[in-house]
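All values derive from a computational prediction rather than experimental measurement. In the text below, chain A, chain B and the rest are named by the order of the sequence lines, each starting its count at 1.
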Protein chains: 2
Amino acid sequence: MTLQERIRSDIEERIRSGALRPGDRIPFEHELVTQYGCARATVSKALERLVHAGLIERRRKAGSFVAQPKVHAAVLEVPDLAQLIEARGEAYGWELDTCRVVNRDPDIEVSGIPAPALLIEGVHFAGGQPFAMERRLIALDTVPVPRADTFETEAPGSWLLHHVPWTDARHRIRAVPAGRALTQRLKLEPHAACLQVERWTWRTGRAVTFVRQTFPGDRYDLVAEFTPGG
Amino acid sequence: MTLQERIRSDIEERIRSGALRPGDRIPFEHELVTQYGCARATVSKALERLVHAGLIERRRKAGSFVAQPKVHAAVLEVPDLAQLIEARGEAYGWELDTCRVVNRDPDIEVSGIPAPALLIEGVHFAGGQPFAMERRLIALDTVPVPRADTFETEAPGSWLLHHVPWTDARHRIRAVPAGRALTQRLKLEPHAACLQVERWTWRTGRAVTFVRQTFPGDRYDLVAEFTPGG
DNA sequence: AAGTGGTCTAGACCACATA
DNA sequence: ATGTGGTCTAGACCACTTC
């Protein structure tokens with residue numbers, strides 16, 4: 001264990017145990033320098049990591065303080081569907097319904113994807129059962145045009161991941177009742193509760209793709225773990 | 001703008017523009033030292049920030065490389081309900097239904113909260129309309145017992161936030177149909193699609209609280225923004 | 001074997017917030 | 001006005017990994 005790591009873990013332990021509470025001041029850098037008999041840069045690096053972990057805040061002239069935990073942020077896992085399903089030990093499948101260029105589409109208006117766009121619709125399968133319905137728009141001015149039969153066998157999400165690096169993404173998650181198409185395609189009761197994940201993806205300010213995935217409420221849930229400093 | 005900030009933004013710009021693609025090697029530290037005419041620590045700090053941002057990876061002897069973007073992680077905002085609602089310009093309200101000590105409860109089994117626990121049920125209001133239903137267990141062996149009337153006026157979430165710092169949390173998000181209690185209390189159609197957020201919170205390995213919040217699907221959705229490199 | 005990034009030292013100057 | 005953290009220098013040694 002390095003020295004800066006020891007300093008960091010010493011302080012982290014005092015915070016996690018409750019000996020230091022939110023708002024408390026931790027020792028000044030020069031005090032830690034004396035205490036550990038090291039250079040100031042070493043102390044500073046240890047404290048920097050605690051800042052990065054969200055455990056402390058530092059203020060010039062005032063010192064460093066234990067941060068208030070922020071309950072409202074969590075790391076949400078939105079795994080690649082194929083990976084997720086195969087990790088469960090089930091067979092993953094993809095079935096293409098629609099793949100055509102569109103100039104007008106209800107989602108073009110709301111998604112910010114410019115026309116003309118490639119519209120793709122299909123269903124993800126887990127263990128032979130329909131698992132999620134997907135509707136996607138791909139910006140044709142930004143993405144290199146795939147071969148006509150690309151999405152017959154490969155889900156567009158994985159293809160894009162390997163061909164178009166993204167730089168920004170935005171997610172929206174909500175509950176919706178199953179509409180008619182969903183009811184038929186996923187074999188649900190009418191108006192069954194579904195989890196809908198919408199994702200916008202950009203690359204250097206240019207919209208790349210918009211996707212809406214809808215999961216039956218009883219077949220999928222999102223789990224997020226969070227540790228302030230984990 | 002500091003020097004390390006300039007180095008960082010120069011490289012970040014080359015990555016975001018696509019000039020440097022995932023897997024590409026970025027200049028060695030000593031090359032950047034020559035290029036910018038600065039100390040190695042300055043270059044190192046700039047690269048460290050890019051690592052922290054998830055934009056690059058560094059390997060001894062090999063160099064530093066542009067990281068593969070990871071689509072599967074996003075920062076999920078789960079704002080404090082009172083703050084969220086007031087930020088919308090609506091009046092926030094809390095109405096307590098139940099507040100009692102329980103030794104047996106269906107959620108005690110699944111939540112990991114040890115008996116005896118404080119069971120709290122109530123409804124959050126936005127602009128006079130019911131906005132979310134909440135069911136919560138609080139571990140009485142870990143949390144200082146609140147006054148009997150504490151939760152008459154203050155939602156337990158905000159009270160806990162200010163009285164019991166947490167160290168770990170886990171979220172689960174799914175879509176559920178509205179049950180009978182929900183239908184009545186939130187004035188919904190039967191079986192309306194609802195977004196259900198469950199949150200477990202621990203402090204130093206000890207369970208603090210478990211809460212299940214249920215939102216009508218048409219009144220709330222979660223939005224998550226993510227940039228690989230913040 | 002050689003060269004990389006990781007860690008560390010012992011200084012320095014400065015901007016800034018607070019007292 | 002003072003003292004803090006923020007930035008920076010010009011070195012050094014080391015562990016690791018790939019060549």
> In terms of side-chain geometry, is the basic nitrogen of B:Arg25 or B:Glu31 positioned less than 4.0 Å from the acidic oxygen of its partner?
Replying inline: yes
> Considering heavy-atom distances to DNA chain C, does A:Leu3 or B:Ala62 have its closest nucleotide positioned more toward the 5' end?
Replying inline: B:Ala62
> On the ring face of B:Phe210, is B:Arg136 found with NZ or CZ under 6.0 Å from the centre and within 45° of the axis?
Replying inline: no
> Does the separation of the ring centres of A:Phe131 and A:Phe215 fall below 6.0 angstrom?
Replying inline: yes
> D:dT17 C1' sits how many Å from B:Arg58 CZ, rounded?
Replying inline: 15 Å
>> Quick check: on DNA chain C, is the nucleotide nearest A:Glu5 upstream (toward 5') of the one nearest A:Lys61, or the reverse? Name the residue that is more 5'.
In response: A:Glu5
>> Near DNA chain D, counting only heavy atoms under 4.0 Å, which residues of residues 35-43 of chain B show up?
In response: B:Cys38, B:Ala39, B:Arg40, B:Ala41, B:Thr42
>> Whether A:Arg49 and A:Glu12 form a salt bridge (side-chain N of Lys/Arg under 4.0 Å from carboxylate O of Asp/Glu) is what I want to check.
In response: no
> So, is A:His30 near the phosphate of D:dT4, with a side-chain N or O under 4.0 Å from OP1 or OP2?
Replying inline: yes
>> For a quick check of understanding: with a heavy-atom distance under 4.0 Å over all strands, which category does B:Arg8 fall into, base, sugar-phosphate or nothing?
In response: nothing
> Can you pull the contact range of chain B along DNA chain C, 5' to 3', using atoms under 4.0 angstrom from its heavy atoms?
Replying inline: C:dA2 to C:dT7
> Does B:Glu13 offer a backbone N or O that forms a donor-acceptor pair with the side chain of B:Ser17 under 3.5 Å?
Replying inline: yes
>> Using a heavy-atom cut-off of 4.0 Å across all strands, would you classify A:Arg6 as base, sugar-phosphate, or nothing?
In response: nothing
> With the threshold set at 4.0 Å, does a side-chain nitrogen-carboxylate oxygen contact exist between A:Arg174 and A:Glu198?
Replying inline: yes
>> So that I can tick it off, tell me whether B:Arg147 and B:Glu152 are bridged by a salt bridge, with the cut-off set at under 4.0 angstrom between side-chain N and carboxylate O.
In response: no
>> Please tell me whether A:Trp159 and A:Phe151 form a close aromatic pair, meaning their ring centres lie under 6.0 Å apart.
In response: yes
